[in-house]
Amino acid sequence: MKNSVSVIIPFYQRSMGLLKKALLSVAQQSAFSQIDKVIVVDDGSPIGAREEIEQLNNNQPLLEKIQLIEKPNGGVASARNAGIDAVSAEVKYVALLDPDDVWLPDHLELALEALRSGSDFHFNNFTHIGQTVGAFERAGYITPSEHPPLDNEYNHTYKGDIVRQITTANVIGASSVIYDIKKHKDCRFKTDFQFAGEDYLMWLDITRNTDGISFTNKITTHCGEGINLFSGAAWCSAHLSKRLFDEINYRYFLLQNIAMTESNRRRVVEMLFDNRNAYIGNLQSMLKRLKLSGIVLLLKHFTYNKPFRDTFLKRIK
């Protein structure tokens, strides 16, 4: 089946060359002929996506599939949503790829095989930069033999507790996800989460109304080559405070809105208070270095945000 998948790449980077590598990994897909469009959403990036795309002038087949959207900076959730909104009505599947990640050549082929076996949400094993062990093995939460095999040695039907998987030990990286957009046409990333949680909430939205979930146990994605501005946050920084603020709001949202087992809930509460303690530790570190922006953020977060205030005061059971 030709032209059955659109690839969405949200782009905001300060390092030249990352997008080019991501795009070349798309061009090297064994299922390249099944790609309708590669939708690159430049989210007000300091390094323009157009500059990098122009360097691919010797790869005409890839250039013909690239659709560039340029928009003011609004965060990764809004960039991915802009890409989803641009997908043709004729396309059945959406594959996500972040601009500092790359796919191995059989990534799309394996995923599409699994999806056509009856699932509508698929993810694969992946590595982070500098690592050779896959995310599945590191987390220890997915044992392939416990999930029914599909029609090759790598694909399986997921039969575990997907809510627990996503909320307590998520190994579903954004660049590993392919889903059926016709089945889930109204699902969008939540734009009020700028630094954390927007992807997990999207997976929960999709999988609460699914006909089947599948995964590829083989590593087909390498993540994080270069600085990832969507999630990178150094200790003793305002950026980390903002990220931890989003993580607190994300986990508070889970407790208020997502049905889960009691043990699952207890673990989410533990993780929520871990975020709280990390926020306090980061603030203390900033104050030791006379970074008063930490106090400004604390007052803003405490005054105007109930989830943060409840967590800070430990009003959650």
Side-chain angles (χ1 to χ4, degrees), residues 3-27 29 32 35-56 59 62-103 107-108 111 172-182 184-203 205-206 221 223-232 246:
N3 304 330
S4 60
V5 57
S6 283
V7 180
I8 295 175
I9 303 178
F11 182 70
Y12 186 98
Q13 286 290 333
R14 291 197 177 107
S15 297
M16 196 73 175
L18 297 178
L19 178 59
K20 182 180 178 181
K21 289 181 180 179
L23 288 169
L24 288 175
S25 79
V26 175
Q29 291 301 297
F32 181 76
I35 296 174
D36 178 65
K37 292 291 183 183
V38 181
I39 303 171
V40 178
V41 183
D42 187 328
D43 191 43
S45 175
I47 296 290
R50 189 177 297 275
E51 301 172 55
E52 295 223 32
I53 292 170
E54 288 173 351
Q55 296 179 18
L56 301 168
N59 195 323
L62 175 60
L63 283 175
E64 289 175 357
K65 290 183 184 288
I66 293 176
Q67 176 182 347
L68 175 62
I69 297 172
E70 295 172 304
K71 61 182 283 295
N73 180 252
V76 64
S78 72
R80 289 191 184 122
N81 288 345
I84 294 170
D85 291 341
V87 172
S88 166
E90 308 303 316
V91 168
K92 185 168 177 59
Y93 302 112
V94 160
L96 301 172
L97 176 61
D98 282 349
D100 59 341
D101 300 343
V102 296
W103 288 338
H107 172 80
L108 282 180
I172 305 176
S175 294
S176 79
V177 165
I178 305 179
Y179 71 94
D180 186 331
I181 191 172
K182 288 187 176 293
H184 305 287
K185 62 181 179 180
D186 296 326
C187 290
R188 294 295 185 274
F189 291 89
K190 296 187 183 302
T191 56
D192 47 343
F193 292 88
Q194 291 281 319
F195 300 103
E198 85 293 332
D199 48 355
Y200 300 166
L201 291 173
M202 179 69 160
W203 315 156
D205 279 349
I206 293 174
T221 304
C223 296
E225 184 176 345
I227 299 171
N228 188 328
L229 298 185
F230 300 144
S231 60
D246 264 10

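Below, each value reflects all heavy atoms present in this structure, side chains not excepted, and no hydrogens, waters or symmetry copies.
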Candidate pair S45 and L19, rule side-chain contact (heavy atoms from CB on, under 4.5 Å), full reasoning = CA-CA 11 Å; S45 175; L19 178 59; over 6 Å; no
Between I172 and Y200, is a side-chain contact (heavy atoms from CB on, under 4.5 Å) present by the stated rule, with each step listed?
-> CA-CA 8 Å; I172 305 176; Y200 300 166; over 6 Å; no
Heavy-atom closest contact (I8 atom, G83 atom, distance) = CD1-C, 3.4 Å
If you measure from the Lys or Arg side-chain nitrogens to the Asp or Glu carboxylate oxygens, is any gap between D36 and K92 under 4.0 Å?
-> no
Closest heavy-atom pair, R14 versus P46, reported as atoms and distance to 0.1 Å, is CG-CG, 3.8 Å
Could I get the full list of salt bridge (charged side-chain N to carboxylate O under 4.0 Å, His left out) partners for E70, not counting sequence neighbours?
-> R50
Would you mind reporting whether F189 and I84 have side-chain heavy atoms less than 4.5 Å apart?
-> yes
Go through the structure and list residues passing salt bridge (charged side-chain N to carboxylate O under 4.0 Å, His left out) with D246, not counting sequence neighbours.
-> none
Under 4.5 Å between any side-chain heavy atoms of I47 and L18, yes or no?
-> no
Salt bridge (charged side-chain N to carboxylate O under 4.0 Å, His left out) against K71, all qualifying residues, sequence neighbours excluded = D43
Show your reasoning for whether side-chain contact (heavy atoms from CB on, under 4.5 Å) applies to V40 and L23.
-> CA-CA 9 Å; V40 178; L23 288 169; 4.1 Å; yes
pair W103-V26: side-chain heavy atoms closer than 4.5 Å = yes
Compare every heavy atom of A22 with every heavy atom of P99, then report the nearest pair and how far apart it is.
-> O-CB, 3.8 Å
With S175, which of D101, D100, T221 fulfils side-chain hydrogen bond (donor to acceptor under 3.5 Å, both in side chains)?
-> D101
pair E52-Q13: side-chain heavy atoms closer than 4.5 Å = no
Which of D199, D98, T191 passes side-chain hydrogen bond (donor to acceptor under 3.5 Å, both in side chains) with R80? Answer is D98
Answer whether the closest heavy-atom distance between the side chains of L97 and H107 falls below 4.5 Å.
-> no
Using a 4.5 Å cut-off on heavy atoms from C-beta on, say whether the side chain of L24 contacts that of L56.
-> yes
Hey, what do you get for SG (C187) to CD1 (I181), rounding to the nearest 0.5 Å?
-> 9.5 Å
Quick check: does any side chain N or O of Q29 sit under 3.5 Å from a backbone N or O of L108, one acting as donor and the other as acceptor?
-> yes
Salt bridge R188-D85, side-chain N to carboxylate O under 4.0 Å | yes
Write down the atom of I69, the atom of A86, and the distance for their closest heavy-atom approach.
-> CD1-CB, 3.7 Å
